[in-house]
Amino acid sequence: MVRRDDRPPGEFPRQSGCWSRDEQIPVEPRKPFRVAVVGESVARGFLLDPIVTLPDLCRVAFREAGLDDRLELIDFTVNGLSAAGATKLCRAATELQCAMIVLYVGNNFPRSTPWLDDPETRQDAARTFTDRGYADYLAARREAMTAFARNFCQEVEEVCRTAGIPLVVVAPATNQLDWHAPWVVPTWLPEDRLAEWTATRRRLDEPADDEAAGDPARCLALAERMTVLDGGTTARPMEIAGRFLVRLGREAEGVALLSRAVSTGIDPANYERRCPAEVAEELRLLGRAVGCRLVDVPARARERYGIAALGREIFLDYCHHTLDSLRDVAADVVAEICAGLDMAPAPGWPERLVRAVSPPAREVAAAYVLSALHNQHWGQSADVVEHWLRCAVRTDPTCVEDLATYFTMSLPETHFWLLGDSLAARSDRMYWFLKNFSHLPVLDAQFAERALRSLPEDGRQRLAKELDALWRELRVEQRGDVNLLDTFWRERDSGPRPFTVVAGENAPVSRYGFLTSGKLSLTLDVVLVAGPGISGGRFDIWLNDHPCYAGEVTTEWRHERIVLPPSLLRAGANELTCTWTTASRNPDVATAAVSTFGTGPENQHLIRLARMRLTP
């Protein structure tokens with residue numbers, strides 16, 4: 001079997017979104033037993049790859065267990081693997097005469113389900129939403145997800161049973177303590193309840209400056225009130241309540257609420273936390289079937305780490321493992337392989353596995369920098385982003401070079417996707433990470449602030465000097481104007497394109513970075529209109545965490561001209577934050593969208609922006 005590779009000769013062999021470096025696999029096994037690992041980015045070791053992957057660790061474990069001469073491993077792990085792709089790879093494993101298949105999937109299922117693809121299904125979903133409400137609409141989606149996962153499991157089980165190949169099923173885990181799902185604004189609620197929900201969210205997000213502001217009991221009460229108001233149809237309040245319950249020592253209640261939050265919504269159009277409970281349960285049932293074995297990662301992690309198993313101790317982001325937890329999964333998988341193939345590993349091999357895999361500090365630090373970027377990219381808290389930046393600095397202080405490289409390559413003039421061999425070898429991973437993944441506005445003032453806060457004094461001074469040199473020529477005053485809606489600050493010949501703020505974005509909040517001398521006032525032009533079925537509402541603009549302007553969104557296009565005073569500006573990177581309030585949505589519009597476009601009511605545009613431009 002040959003996998004064709006389309007990269008130009010000489011380029012980095014295993015960038016984000018790619019497979020293993022194995023490009024030719026002989027059909028005839030070279031050793032008595034061949035094992036295939038079929039998996040998504042979690043098994044690929046996303047953010048750690050190519051330092052280490054799950055198949056890499058399994059191969060090392062074979063060697064430490066004294067089984068390297070008997071076991072051969074085929075690496076079928078790839079980022080973004082769909083359910084259909086996993087089934088095809090399982091069939092390929094049977095053609096390659098594998099003695100066993102390891103299946104590590106489930107995280108991508110919410111994105112690959114055919115929910116609402118079929119016009120008839122759309123009509124049924126629209127009728128459910130209209131006649132029975134949003135809660136039943138969510139229940140129908142969960143049923144569709146369950147059916148999708150069950151059909152996949154049955155198909156894989158049939159493939160393995162027909163070929164007489166035992167299967168090791170790995171049930172994924174997700175970060176529930178640290179990962180924040182997007183705010184989904186329940187615009188399907190009656191107007192009075194939505195108004196109270198929004199007001200409660202503001203009290204939770206922007207508490208009063210007093211002693212009670214950070215009180216866990218107060219925050220828990222506010223989050224629980226929001227869940228009562230929306231009927232448990234949005235994830236974020238349940239996450240907040242679950243985390244505070246854990247902090248207050250009510251661990252069982254908190255974990256139950258966090259687990260419920262993972263499965264709320266399950267909209268394949270959203271990029272949310274992975275592996276909902278419905279998918280995980282179907283995978284567990286497959287792992288308990290005849291001829292199958294189960295590695296339940298959440299259960300085994302709880303045995304090892306306790307409540308910490310649900311947080312950053314084992315996750316780099318929403319579902320991808322740290323090096324330590326990836327070792328744990330590899331050890332559990334290899335133990336099941338040995339049991340399934342009736343092999344006796346040499347005593348003490350798990351302990352030797354830990355000692356045998358110790359990547360260079362520089363490479364591990366780079367993985368932590370990528371983790372910080374990834375969490376920043378998906379709008380996670382300052383605490384999470386700064387945690388991984390501090391881990392990177394502690395592991396190798398020279399990681400400041402990677403941070404400088406990130407800002408260098410993300411400047412508009414750099415065109416990082418064209419740099420190729422001009423980058424030093426140590427920057428290759430950052431280059432490919434940006435080339436294959438970065439698709440949000442490249443200049444992130446908030447990330448720069450978090451990086452500077454996280455570094456020790458010498459590193460902070462060095463990065464600040466790099467940033468000042470890089471950004472000196474990008475100040476608004478020297479460029480004439482800056483279009484904040486253009487990812488790379490480049491005007492299109494066709495003029496400004498419409499931009500949308502979607503329910504499901506943070507809060508919903510839009511953030512933009514720009515550079516200024518901090519000495520002159522700037523003018524911000526905004527052209528906006530309320531989205532379909534929205535009657536209108538208020539929006540607030542904050543500059544560098546200070547309130548700057550409050551305006552109105554209506555059903556007609558409006559032009560707002562806002563002066564940003566020098567007293568709120570600062571030399572270098574500034575951050576503009578737009579908080580969009582919501583109003584009740586016309587249910588007929590939402591129903592029509594479900595029926596016609598196959599998108600849920602929580603994904604409809606709240607605000608449409610045609611211009612957001614800064615000028616001196």
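Predicted model, so just to flag it, every value in this text is computed and none were measured. Scope of the values below: all heavy atoms of this structure, side chains included, with no hydrogens, waters or symmetry mates.
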Pair Tyr305-Asp324, side-chain donor/acceptor within less than 3.5 Å: no
Check: Thr398/Asp396 side-chain N/O donor and acceptor closer than 3.5 Å: yes
Between Arg142 and Ser263: side-chain donor-acceptor atoms closer than 3.5 Å: no
Side-chain donor/acceptor of Asp56 to backbone N/O of Val52, under 3.5 Å: no
Sequence-distant partners of Arg302, side chain to side chain donor-acceptor pair (under 3.5 Å), two or more places apart: Glu251
Gap between atom SG of Cys399 and atom CG of Leu370 - 0.5 Å precision: 11.0 Å
Flag for Arg274-Asn108: side-chain donor and acceptor within less than 3.5 Å: yes
Residues Gln97 and Arg34: side-chain donor-acceptor under 3.5 angstrom: no
Which donor-acceptor pairs under 3.5 Å do side chains of residues 157-172 form with protein atoms, sequence neighbours excluded?
{"unit_1": "Glu158", "atom_1": "OE1", "unit_2": "Arg161", "atom_2": "NH2", "d": "2.3"}
{"unit_1": "Glu158", "atom_1": "OE2", "unit_2": "Thr162", "atom_2": "OG1", "d": "3.0"}
{"unit_1": "Thr162", "atom_1": "OG1", "unit_2": "Glu158", "atom_2": "O", "d": "2.8"}

Whether Phe46 and His320 hold their rings parallel, tilted or perpendicular, with breakpoints at 30° and 60°: tilted
Chi angles and distances behind the side-chain contact (heavy atoms from CB on, under 4.5 Å) call for Arg462, Glu401: CA-CA 9 Å; Arg462 180 176 177 184; Glu401 296 176 14; 3.4 Å; yes
Thr322 side, atom OG1; Glu313 side, atom CD - distance, nearest 0.5 Å: 9.0 Å
Check against side-chain contact (heavy atoms from CB on, under 4.5 Å), Leu54 and Cys58: CA-CA 6 Å; Leu54 181 66; Cys58 289; 4.3 Å; yes
Whether Trp388 and Tyr368 hold their rings parallel, tilted or perpendicular, with breakpoints at 30° and 60°: tilted
Within 6.0 angstrom of Lys88 NZ, more than 12 heavy atoms from elsewhere: no
Worked verdict on Thr77 versus Asp75 for side-chain hydrogen bond (donor to acceptor under 3.5 Å, both in side chains): CA-CA 6 Å; Thr77 60; Asp75 184 354; 2.6 Å; yes
